[in-house]
Student: 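Have a look at this one before I ask anything.
The sequence lines fix the lettering, A, B, ..., with proteins before strands; numbering per chain opens at 1. All values derive from a computational prediction rather than experimental measurement.
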Amino acid sequence: MPELPEVETVRAGLEKHVVGKKIIGVKQLHPRALRSDSLNKLTVFKNAKIKAVKRRGKFMWLEFDRPEVLVAHLGMSGQFKIQKAGSDNEAHLRAKFELSNGKEMRFVDQRTFGWLCVDQLEEGVPSVVSHIATDLFDPTFDKKSIVKKINLKRGQIKKVILDQEVVSGIGNIYADEALWYARIHPESIASDLSSTQILNLLTAAQKVMTRALAAGGTSFDELYINVNGESGYFERSLAVYGREGEPCRRQRTCGGEIIRIAFTNRSSRLCPACQTR
DNA sequence: CATGGTTCCTGCAGGC
DNA sequence: TGCCTGCAGGAACCAT
């Protein structure tokens, strides 16, 4: 499930393999691979030279020697792979871009929550990304003002940090991890927390995602892989996600056991002993 | 405007 | 063995 560290791993992999290359052929293999509000078909990138691969939160985009940009979101199962041109198609191959160096950049997506989109930049950011907040890896991320913003929200803290318009890049896994590190119950109301608690939470999210990035990301169910098809190794370091029924890693001080509770049609994992409301 | 609920999709695990 | 149900999830979209 790609969140900020996983998307950044993919972005960096693409940057290494495709910047400076020219797209010599484009093929879309699934109608929904392209967002319905795309400004054009993917073939607009034929003969375009790739200049940069950028990212905000979980959204990334390719810039070219022309005004159009290619925006991509991995959803929950999207993958970019670099393959030798003409290799067999993957089971869920959605689009492929043949490059000038004999390779292909491929977008593969089993569950079709991911998408591609032809867009244009508005003040350096694609218009479909303009409503997305800065992420915790962004040098312009303003922690103090985001803490204030979060502190005004009346919703549950987990819902707030998953809101990509408040702070971007955090998904279900790292939300649970950060809340555990900060010892905050996911159902706590954001405005009931102190600014110190919220600051600690953002710092925890930053730290856990930085460590995850260093490990190449989290590959919980093999749906996330980097551009070379390799898994990340952060899964073994998770404190709560996927650990329900197991002892809290702070057991020496709390003695708790990780539980799973319902959260807006899905789940939260937490230690009920050290994450109190 | 803020907030909360629903929906899209596929594959897999578990129960019977 | 095979059918059914539930679960996994990001974010657009709709309802209140």
Student: Which angle, to the nearest 10 degrees, lies between the helix axes at the two ends of the helix from B:dA2-C:dT16 to B:dC16-C:dG2, each defined by five pairs?
Tutor: 50°
Student: Anything under 3.5 Å between a donor and an acceptor, one on a side chain of residues 144-156 of chain A, the other on a protein residue two or more places apart or in another chain? List them.
Tutor:
from: A:S145; atom 1: OG; to: A:D142; atom 2: O; distance (Å): 3.3
from: A:S145; atom 1: OG; to: A:D142; atom 2: OD2; distance (Å): 3.4
from: A:K149; atom 1: NZ; to: A:E165; atom 2: O; distance (Å): 3.3

Student: For A:R154 and for A:N265, locate the closest nucleotide of DNA chain B by heavy-atom distance; then report the residue assigned to the nucleotide nearer the 5' terminus.
Tutor: A:R154
Student: Is there any protein nitrogen or oxygen under 3.5 Å from a nitrogen or oxygen in nucleotides 11-13 of chain B, and what are the pairs?
Tutor:
from: B:dG11; atom 1: OP1; to: A:H92; atom 2: NE2; distance (Å): 3.2

Student: Determine the contact category for A:R94: base if any of its heavy atoms lies under 4.0 Å from a base atom, sugar-phosphate if only primed atoms, P, OP1 or OP2 are that close, otherwise nothing.
Tutor: nothing
Student: Sequence neighbours excluded and cut-off under 3.5 Å, please list the side-chain donor-acceptor pairs for residues 18-34 of chain A, or say none.
Tutor:
from: A:Q28; atom 1: NE2; to: A:H30; atom 2: O; distance (Å): 2.8
from: A:Q28; atom 1: NE2; to: A:P31; atom 2: O; distance (Å): 3.3
from: A:H30; atom 1: ND1; to: A:R32; atom 2: N; distance (Å): 3.1

Student: Name all residues meeting the side-chain hydrogen bond (donor to acceptor under 3.5 Å, both in side chains) criterion together with A:R35; count only those two or more places apart in sequence or in a different chain, and write none if there are none.
Tutor: A:D37
Student: Taking side-chain hydrogen bond (donor to acceptor under 3.5 Å, both in side chains) as the definition, give me every residue that meets it alongside A:E15, ordered by chain and number, with sequence neighbours left out.
Tutor: A:R11
Student: Quick one: side chains of residues 265-277 of chain A, donor-acceptor pairs under 3.5 Å with protein atoms, not counting sequence neighbours, listed by atom name and distance.
Tutor:
from: A:S268; atom 1: OG; to: A:K158; atom 2: NZ; distance (Å): 2.8
from: A:Q275; atom 1: OE1; to: A:C271; atom 2: N; distance (Å): 2.8
from: A:Q275; atom 1: NE2; to: A:L179; atom 2: O; distance (Å): 3.4
from: A:Q275; atom 1: NE2; to: A:I184; atom 2: O; distance (Å): 3.0
from: A:R277; atom 1: NH1; to: A:E187; atom 2: OE1; distance (Å): 2.8

Student: So, OP1 or OP2 of B:dT3: does either fall under 4.0 Å of a side-chain N or O from A:K153?
Tutor: yes
Student: Quick one: salt bridge (charged side-chain N to carboxylate O under 4.0 Å, His left out) partners of A:R243, sequence neighbours excluded?
Tutor: A:E246
Student: Spell out protein contact along nucleotides 11-16 of chain C as letters: B when the base is contacted, S when just the sugar-phosphate is, - when no protein heavy atom is under 4.0 Å; keep the 5' to 3' order.
Tutor: BS----
Student: Using ring-ring contact (aromatic ring centres under 6.0 Å, His included) as the criterion, list what pairs up with A:F64, not counting sequence neighbours.
Tutor: A:F45
Student: Give a yes/no answer on whether the side chain of A:S267 brings an N or O atom under 4.0 Å of OP1 or OP2 in C:dA8.
Tutor: yes
Student: Please check if the side chain of A:R55 supplies one atom and the backbone of A:G57 the other of a donor-acceptor pair under 3.5 Å.
Tutor: yes
Student: Determine which pairs satisfy ring pair (Phe, Tyr, Trp, His ring centres under 6.0 Å) with at least one residue from residues 189-215 of chain A, sequence neighbours left out, and list them in order.
Tutor: none
Student: Does anything in residues 82-113 of chain A pair up under ring pair (Phe, Tyr, Trp, His ring centres under 6.0 Å), and if so which pairs, sequence neighbours excluded?
Tutor: A:F80-A:F107
